[in-house]
There are 2 protein chains.
Amino acid sequence: MQKKPVADNQALSFDYDFLEKLVVGIGEVSQITGIATRQIRYWEDKGIITSLTEEEGKNRRYDYKNIKKMILIKEMLDEGYTLDAAAEKVKQRFELLEQALGKFAKKKK
Amino acid sequence: MQKKPVADNQALSFDYDFLEKLVVGIGEVSQITGIATRQIRYWEDKGIITSLTEEEGKNRRYDYKNIKKMILIKEMLDEGYTLDAAAEKVKQRFELLEQALGKFAKKKK
DNA sequence: TTTGAATTGTAAATTATTTACAATAATTGT
DNA sequence: ACAATTATTGTAAATAATTTACAATTCAAA
């Protein structure tokens with residue numbers, strides 16, 4: 001029996017492999033989220049989000065999780081939350097999410 | 001009845017909204033896929049993949065589809081395919097995939 | 001109206017990418 | 001073996017994009 005090509009399995013399910021490896025520069029994050037690069041740096045300075053930057057002076061890289069965070073924070077700001085309140089809510093939500101996904105991930109490997 | 005937050009629904013299903021908007025620079029694509037930037041440009045010159053670059057001279061931007069293409073092509077090269085053969089196979093696979101996903105997408109809207 | 005929060009502006013230095021021309025391997029047919 | 005084609009890689013100069021740092025501005029609440 002022949003082994004199915006990898007792509008067929010991934011096509012209609014959540015592409016974990018991809019999102020785990022995903023890294024995006026600040027310009028593209030801005031393009032994706034509609035948040036100005038200046039604002040992204042400000043949020044990072046405040047410690048609300050984090051980048052994967054290895055050394056100081058090098059360009060920032062963001063992972064899927066932090067991009068999702070930014071999108072949520074932006075939505076909450078539009079709804080009237082303060083930045084700190086939005087950041088706190090998003091932080092809590094991600095902690096719950098990671099708890100749930102953590103259990104799931106352990107089953108797989 | 002209160003509306004559920006968006007994130008809850010997206011967490012365990014395929015994040016279409018995100019992947020549709022996703023754009024990534026060549027440096028990050030290289031980091032994600034393990035393919036050298038030089039090689040990515042070469043493949044693009046040959047017409048095997050395409051970038052979203054608006055004007056000549058500006059930096060290349062790649063979408064999810066083309067990044068997936070690169071990953072598949074790389075895998076097929078490792079298996080012994082020639083570049084052209086791999087490109088052709090990948091092209092065919094994506095045509096089928098888009099046919100299937102196209103039908104699905106129409107239902108949603 | 002003062003205070004702090006949130007954002008925005010910008011210049012100079014640095015990092016990353018682009019294009020173009022060229023060189024080098026690897027493979028295939030004769 | 002040899003030439004031709006395929007695939008990849010090297011690099012320099014120009015340009016694009018990002019970084020940091022200092023500063024200004026806007027806005028809401030007290």
Side-chain angles (χ1 to χ4, degrees), chain A residues 21-64 66-67 69-92, chain B residues 21-64 66-67 69-92:
Chain A
K21 282 182 288 183
L22 184 65
V23 286
V24 185
I26 195 170
E28 292 93 48
V29 171
S30 176
Q31 200 176 329
I32 292 165
T33 63
I35 304 165
T37 58
R38 193 64 189 73
Q39 196 166 10
I40 294 171
R41 286 190 204 99
Y42 172 66
W43 291 358
E44 185 170 349
D45 287 344
K46 282 206 65 180
I48 291 171
I49 52 167
T50 57
S51 70
L52 309 165
T53 317
E54 295 160 15
E55 299 171 58
E56 139 148 357
K58 301 278 182 172
N59 290 9
R60 290 168 170 82
R61 297 281 148 95
Y62 297 97
D63 58 16
Y64 176 63
N66 276 277
I67 300 171
K69 273 192 181 179
M70 294 184 225
I71 293 171
L72 286 175
I73 289 170
K74 190 196 177 195
E75 285 174 6
M76 297 182 82
L77 289 183
D78 289 344
E79 284 173 21
Y81 284 85
T82 66
L83 184 56
D84 285 339
E88 178 59 26
K89 278 244 172 192
V90 167
K91 189 177 157 233
Q92 286 174 9
Chain B
K21 283 182 288 185
L22 185 65
V23 286
V24 186
I26 195 169
E28 292 93 49
V29 171
S30 176
Q31 201 177 329
I32 293 165
T33 62
I35 303 166
T37 59
R38 192 65 187 75
Q39 196 165 10
I40 293 171
R41 287 190 203 100
Y42 172 67
W43 290 359
E44 185 171 349
D45 287 343
K46 284 205 64 179
I48 290 170
I49 53 167
T50 57
S51 70
L52 308 165
T53 318
E54 293 160 18
E55 299 170 60
E56 138 148 1
K58 301 278 181 171
N59 289 8
R60 290 168 170 82
R61 297 281 147 95
Y62 298 96
D63 58 15
Y64 176 64
N66 276 277
I67 300 171
K69 274 192 181 179
M70 294 185 225
I71 293 170
L72 286 175
I73 289 170
K74 191 195 177 194
E75 285 174 4
M76 297 182 83
L77 289 184
D78 290 343
E79 285 173 19
Y81 282 85
T82 65
L83 183 58
D84 284 339
E88 178 59 27
K89 279 243 172 197
V90 167
K91 188 177 157 235
Q92 285 175 9

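As the structure is a prediction and not an experimental result, all values here were calculated from the model. Quick note on labels: first sequence line is chain A, next is B, and so on, each numbered from 1.
A 4.5 Å side-chain heavy-atom check between K74(A) and I71(A) finds every atom pair outside the cut-off.
Nearest heavy atom pair, residue A36(A) against residue S30(A), reads CA-OG, 3.9 Å. The minimum heavy-atom distance between I49(A) and I40(A), with the atom names listed, is CD1-O, 3.8 Å.
Residue K46(A) places at least one side-chain N or O closer than 4.0 Å to OP1 or OP2 of dA6(C). A sub-4.0 Å separation between OP1 or OP2 of dA6(C) and a side-chain N or O of Q39(A) is absent. Phosphate contact (OP1/OP2 of dA6(C), side-chain N/O of W43(A), threshold under 4.0 Å): absent. One finds no side-chain N or O of R41(B) lying less than 4.0 angstrom from the OP1 or OP2 phosphate oxygen of dT19(C). Contact check, R60(A) against dT18(D): no side-chain N or O comes under 4.0 Å of OP1 or OP2.
When heavy atoms are screened at a 4.0 angstrom cut-off, T82(B) is found touching the sugar-phosphate backbone but no base atom.
When the nucleotides dT19(C), dA7(D), dT15(C) are ranked by their closest atom to the side chain of L83(B), dA7(D) comes out on top.
In this structure, K58(A) atom NZ and dA17(D) atom C1' are separated by 15 Å, rounded to whole Å. As rounded to whole Å, 12 Å separates atom P of dA5(C) from atom CD1 of I48(A). In this structure, N59(B) atom CG and dT15(D) atom C1' are separated by 9 Å, rounded to whole Å. Following rounding to the nearest Å, M76(B) (CE) and dA7(D) (P) show an atom-to-atom distance of 14 Å. Following rounding to the nearest Å, I40(B) (CD1) and dA16(C) (C1') show an atom-to-atom distance of 14 Å. Atom OH of Y42(A) is separated from atom P of dA21(D) by 17 Å (rounded to the nearest Å). Residue I26(A) contributes atom CD1, which lies 14 Å from atom P of dA16(C) at whole-angstrom precision. With rounding to whole Å, D84(A) atom CG is found 11 Å from dG4(C) atom C1'.
Remark: K91(B) NZ to D84(B) CG distance equals 11.5 Å, nearest 0.5 Å.
Between Y62(B) and the options T53(B), I26(B), L52(B), a side-chain contact (heavy atoms from CB on, under 4.5 Å) holds for only I26(B).
At a cut-off of 3.5 angstrom, counting only N and O atoms as typed in the model, there is a donor on one side and an acceptor on the other between the side-chain of R38(A) and the base of dT8(C).
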